[in-house]
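Remember, it's 1-based here, ligands and their atoms both numbered in the order they're listed. Computed from a predicted model, the values in this text were never measured in an experiment. Values below: all heavy atoms of this structure, side chains included; hydrogens, waters and symmetry mates excluded. Sequence positions, counted from 1, serve as the residue numbers for this chain.
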Amino acid sequence: MTGTISDVQAPQSNKTAYDGLRDVVAGGVSSNMRARGVAAPLVVDSAAGARIRDVEGNELIDANMGYGPHIFGYADRDVTEHVAARFRCGHLTGLPHRLDHEAAELVAELVPGVEQLRFANSGTEALMSAVRLARALTGRTLVLTFGGHYHGWSETLLRTRECDGYRPRPLAPGMIPEAMAHTLQVGWNDAAAVEAVFEEHGGELAAVLCEPVLANAGVVAPAPGFLELLRERTRSSGALLVFDEVITGFRVSRGGAQELYGVVPDLTVLSKVMGGGFPVAAFGGPRQAMKPLAQLEAFHAGVYAGNHAAMAAVAASLAKVRSLPGLYTELEALGAYAEARVHEAAAAAQRTLQVRRVGSVMSVALTSPATGAVDPDGHRRLQIACQGRGVYFHPIPDEPWFLSTAHTRSDIDTIADVLAESLAEVC
Ligand SMILES: CC1=C(O)/C(=C\N=C2/C=C(C(=O)O)C[C@@H](O)[C@@H]2O)C(COP(=O)(O)O)=CN1
Ligand SMILES: Cc1ncc(COP(=O)(O)O)c(C=O)c1O
């Protein structure tokens, strides 16, 4: 995850609001990702459906949608009412609840690779635990990851895209130098590199971990046969295949990427859509894989893990997913319409946008006319221009757009018109 604050100026009124924030919240945000790319991120006041309202009362159509959890739009009543009711009757007791059962059964019903699971508070937590479980199951420590794939900010998974050989480097100041001692990394869709790693390290690998559709460096679908290659090599070497479906889970299909591509991993990590915007994650797999936790021999904990409000959010979100047989057909059609309209907007402005999409998750990036490569500074200027015209997407082109059932075709037309106007203005 790269990106530095550029010199692109945010609207002054918003900047004033942000400067006040920054006085008491380090960096003005509680996640670095929110402050990347512009001098001051938009300061929001509220959100509903496909729209956010900023501190000045401006309403914007949102294509970032909180980075993906809100597949039914912000403040979806079917989810929020359910959670609100739970808050009114005690949402955190530290005891098991029938809602845990209801939520877990829905995940197991919808996700092909999950028979049993544990809930957690965040994707980072769930990934830490899934990787630790893979190490416990195999007695091995080495994990193979892929460049650009984001698996949260834990000590052994937060890493650079660039490698020394197959070794990524710790990404953040303060990380221990040995943090990557048990982590290898190759390029996404690089079958030859995967074969080479298995040739050299196959017997040492505890797991191969990937976003089955890369969605944190723009959207990059798996090459035909690539997931099958990972499945076959892990199975034959005794390593576990771990799918980080934090973004793709319940997003690209009802059963996530594993259902869409027909490749079932040994462990699956889920979050975002699963909780409909409430902080909850899960990791799971076949009962055999979860046995060390079922027998309380392996360790996983968390005061807030599986709290009753989060379970209510999962139960409501997934019951709604299950109840809508045409949901993913509708989202695919909306995504295809959006992709076509974005290309039309670029053509109208005689500019080129790199558009890559799987279902309702789509990356849109301004490219340089000279090189054809993504132009991060130009993209930031485009983002600020669109924001000023009532359309929000993230200023960093790595961050994809997330569409929802709350986005109408008229919203997509407005986004396309604003893009065309803004592209004409941005040099
Ligand atoms: C594929 C994937 C993710 O996309 C992911 C989190 N994604 C994001 C985190 C953001 C943030 O911390 O503000 C915003 C986005 O950069 C990104 O979607 C995580 C970590 O989840 P969490 O942020 O809940 O700890 C794991 N796997
Ligand atoms: C002192 C202390 N630190 C950290 C933790 C871990 O917090 P969490 O369970 O939210 O991960 C706990 C949880 O009980 C705790 O008591």
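Annotation: R132, atom CZ; neighbour count of heavy atoms from other residues, nucleotides and ligands within 6.0 Å does not exceed 12. The environment of K291 atom NZ is sparse: at most 12 non-hydrogen atoms of other residues, nucleotides or ligands sit within 6.0 angstrom. Annotation: N32, atom CG; neighbour count of heavy atoms from other residues, nucleotides and ligands within 6.0 Å does not exceed 12.
Salt bridge annotation for D19-K15: present, with a cationic side-chain nitrogen under 4.0 angstrom from a carboxylate oxygen. Ion pair D398/R161 flagged as a salt bridge, since at least one NZ, NE, NH1 or NH2 atom sits closer than 4.0 Å to an Asp/Glu carboxylate oxygen. R53 has no carboxylate O lying under 4.0 Å from a charged side-chain N of D62, or vice versa, which leaves the two without a salt bridge. Using a 4.0 Å cut-off between charged side-chain N and carboxylate O, R251 and E245 make no salt bridge.
Each of the following atoms of ligand 1 lies closer than 4.0 Å to a heavy atom of G152: 19 (C), 20 (C), 26 (C). With ligand atoms numbered from 1 in the order given, ligand 1 contributes 4 (O) to contacts under 4.0 Å with heavy atoms of I247. Ligand 1 places these atoms under 4.0 Å from at least one heavy atom of Y67: 14 (C), 15 (C), 18 (O). Using a 4.0 Å cut-off to heavy atoms of S122, the atoms of ligand 1 that qualify are 24 (O), 25 (O).
Between S31 and ligand 1, an N or O atom pair is found at a separation short of 3.5 Å. Inclusion of Y150 in the set of residues having an N or O under 3.5 Å from an N or O of ligand 1 is warranted. For the pair D244 and ligand 1, the shortest N or O to N or O distance falls below 3.5 Å.
To the nearest 0.5 Å, atom CD of residue E59 and atom OG of residue S46 are 8.5 Å apart.
Contacts of T124 with ligand 1, taken as heavy-atom pairs under 4.0 Å, involve both backbone and side chain. Only the side chain of L127 comes within 4.0 Å of ligand 1, judged by heavy-atom distances. Of all the heavy atoms of E399, the ones lying under 4.0 Å from any atom of ligand 1 belong exclusively to the side chain. Residue N32 does not touch ligand 1, judged by heavy-atom distances below 4.0 Å.
If you check each of M33, H149, R34, E245 against atom 10 (C) of ligand 1, the one with the closest non-hydrogen atom is M33. Comparing P69, G123, P400 by heavy-atom distance to atom 22 (P) of ligand 1, the nearest is G123.
Between S422 and R389, the side chains place a donor N or O and an acceptor N or O closer than 3.5 Å (distance only, hydrogens not considered).
Proximity of K272 to ligand 1 is established by a heavy-atom distance of less than 4.0 Å.
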